[in-house]
Each structure stands twice: as C-alpha cells, then as structure tokens.
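Data first, discussion second: the structure below is written as structure tokens.
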Amino acid sequence: MATCNPGKQDFFDTMIPLVRPMATRLTVDEDFLLAIVAFEDSWGQDAHNKKLHNIFGLTKAGGNNLAFSSYQACVDYWERNYGAKVKGIQDLEKFIAAMKEIGYNSVNPSYYSTFRDVYRSVRAYKSACKVK
C-alpha cells in the first residue's frame, strides 16, 4: 500500500495545477498525463528536466532534450503536439496505443510496460495523499 510522503505531495501540488486544465480540455484521464510526468521527470526530482522546464522529457526526435521558458510552456507544447491524438481517451490501453502511434518514446522498448506501473503508482499515491 502506498503512503503519502512529502515528495509525492509536492509532486501533486506542483503538477496537478499544470496538468489538470489540459486533461480537462482534452477530456482525458489526468492520471495518464501525471504518469508521463512522474516517469519522465522522476516524480518532479529530475534536476536536468527542472533546469529545462521539461516535465514531459520531450526531445528532438529522441535526441537532445527540449528547453522551455516555464513548465506551462512545456505543457502547452505537449498539448499542441500530442493533444489531438489522445483527445477523449479514458482507457489506459487506448491511451498507450495512441502514444505508440504518435511514436512517443519509441527508443525505449520497455517504456509502455513501465508506464503502466507508473500509472498505477500515480493512482495509489493520489489516493494515499488524498488528492482531490
């Protein structure tokens, strides 16, 4: 059973205000987006991504990481470039299929099996931290 800790609470306090409005606009489960961030940004602890304001771990075709002026700029970029492909998806396996079709993180063959685990962790920690 997951227990809430300050690191996870900080993650949700920081990321939900960024991700929830986009999830609402796209009518997708916000936990899918939070799972991408948790995975790519090590639950908000990746120093490199913090410096780049790149919470989604976005790269130039699998190469250098993209840099943004703010976390919001990163969220806006993600929504512009990937949002239409996942719009309306509420099912985890359909979300994963859409991400595969996009080619999201196609260089890591275990990305999606790990993503499923991170998604389950996001849900467990949200519950443990009593995130509304």
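Index from 1, following the sequence. Heavy-atom basis, side chains included; hydrogens, waters and symmetry copies ignored.
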On a heavy-atom basis, which atom in His53 and which in Phe68 lie closest, and how many Å separate them?
ND1-O, 3.1 Å
From CA spacing to verdict: side-chain contact (heavy atoms from CB on, under 4.5 Å), Tyr119, Phe39:
CA-CA 9 Å; Tyr119 170 77; Phe39 186 169; over 6 Å; no
With sequence neighbours left out, write down each residue that passes side-chain contact (heavy atoms from CB on, under 4.5 Å) with Ser69, or none if nothing qualifies.
Ala73
For Thr3, all residues meeting side-chain contact (heavy atoms from CB on, under 4.5 Å), sequence neighbours excluded
none
Can you sort out the partners of Ser113 under side chain to side chain donor-acceptor pair (under 3.5 Å), two or more places apart, ordered by chain and number?
none
Taking the side chain as every heavy atom from C-beta outward, state whether Val75 and Phe56 have any pair of such atoms under 4.5 Å apart.
yes
Compare every heavy atom of Phe32 with every heavy atom of Leu92, then report the nearest pair and how far apart it is.
N-CZ, 3.5 Å
How close do Leu66 and Asn54 get, counting heavy atoms only, and between which atoms?
O-ND2, 2.9 Å
Among pairs that include at least one residue of residues 13-27, which meet side-chain hydrogen bond (donor to acceptor under 3.5 Å, both in side chains), considering only residues two or more places apart or in two chains?
Gln9-Asp13, Arg20-Glu30, Arg25-Glu79
Find the distance between OG (Ser42) and CZ (Phe11) and round it off to the nearest 0.5 Å.
10.0 Å
Distance from Asp31 atom CG to Arg120 atom CZ, nearest 0.5 Å?
13.0 Å
Tell me which pairs pass salt bridge (Lys or Arg N to Asp or Glu O under 4.0 Å) where either residue lies in residues 33-52, with sequence neighbours left out.
none
Starting from the C-alpha separation in whole Å, work towards a yes-or-no answer on side-chain contact (heavy atoms from CB on, under 4.5 Å) for Ile36 and Trp78.
CA-CA 11 Å; Ile36 295 171; Trp78 198 97; 3.8 Å; yes
Rounded distance (nearest 0.5 Å) linking atom NZ of Lys130 with atom OH of Tyr125:
14.5 Å
Could you walk me through whether Asn49 and Asn65 satisfy the side-chain contact (heavy atoms from CB on, under 4.5 Å) test, starting with their C-alpha distance in whole Å, then the side-chain angles of each, then the deciding distance to 0.1 Å, before giving a yes or no?
CA-CA 8 Å; Asn49 283 349; Asn65 287 21; 3.4 Å; yes
Using the side-chain contact (heavy atoms from CB on, under 4.5 Å) criterion, which residues pair with Ala128? Sequence neighbours excluded.
Ala2, Cys4
Who are the side chain to side chain donor-acceptor pair (under 3.5 Å) partners of Gln45, not counting sequence neighbours?
none
Looking only at heavy atoms, which two atoms of Ala35 and Val118 are closest? And how far apart?
O-CG1, 3.5 Å
Pairs flagged by disulfide bond (SG atoms under 2.5 Å apart) wherever residues 72-122 is involved - sequence neighbours left out
none
Between Trp43 and Phe12, is any pair of side-chain heavy atoms under 4.5 Å apart?
yes
Assess whether side-chain contact (heavy atoms from CB on, under 4.5 Å) is satisfied between Tyr104 and Val86, documenting all intermediate values.
CA-CA 12 Å; Tyr104 204 85; Val86 300; over 6 Å; no
Would you call Leu34 and Ile16 a side-chain contact if the rule is heavy atoms closer than 4.5 Å?
yes
Using the side-chain contact (heavy atoms from CB on, under 4.5 Å) criterion, which residues pair with Lys100? Sequence neighbours excluded.
Ile96, Tyr112
Residues at least two apart in sequence or cross-chain that pass side chain to side chain donor-acceptor pair (under 3.5 Å) with Asp76, listed by chain then number, are Gln72
Residue pairs fulfilling side-chain hydrogen bond (donor to acceptor under 3.5 Å, both in side chains) with at least one residue in residues 82-95, sequence neighbours excluded:
Glu93-Arg116
Those residues that, when tested against Asp29, pass salt bridge (Lys or Arg N to Asp or Glu O under 4.0 Å) (two or more places apart):
Arg123
Would you kindly confirm whether Leu52 and Val37 end up in one hydrophobic cluster when ILVMFWY residues are joined by side chain heavy atoms under 4.5 Å apart?
no
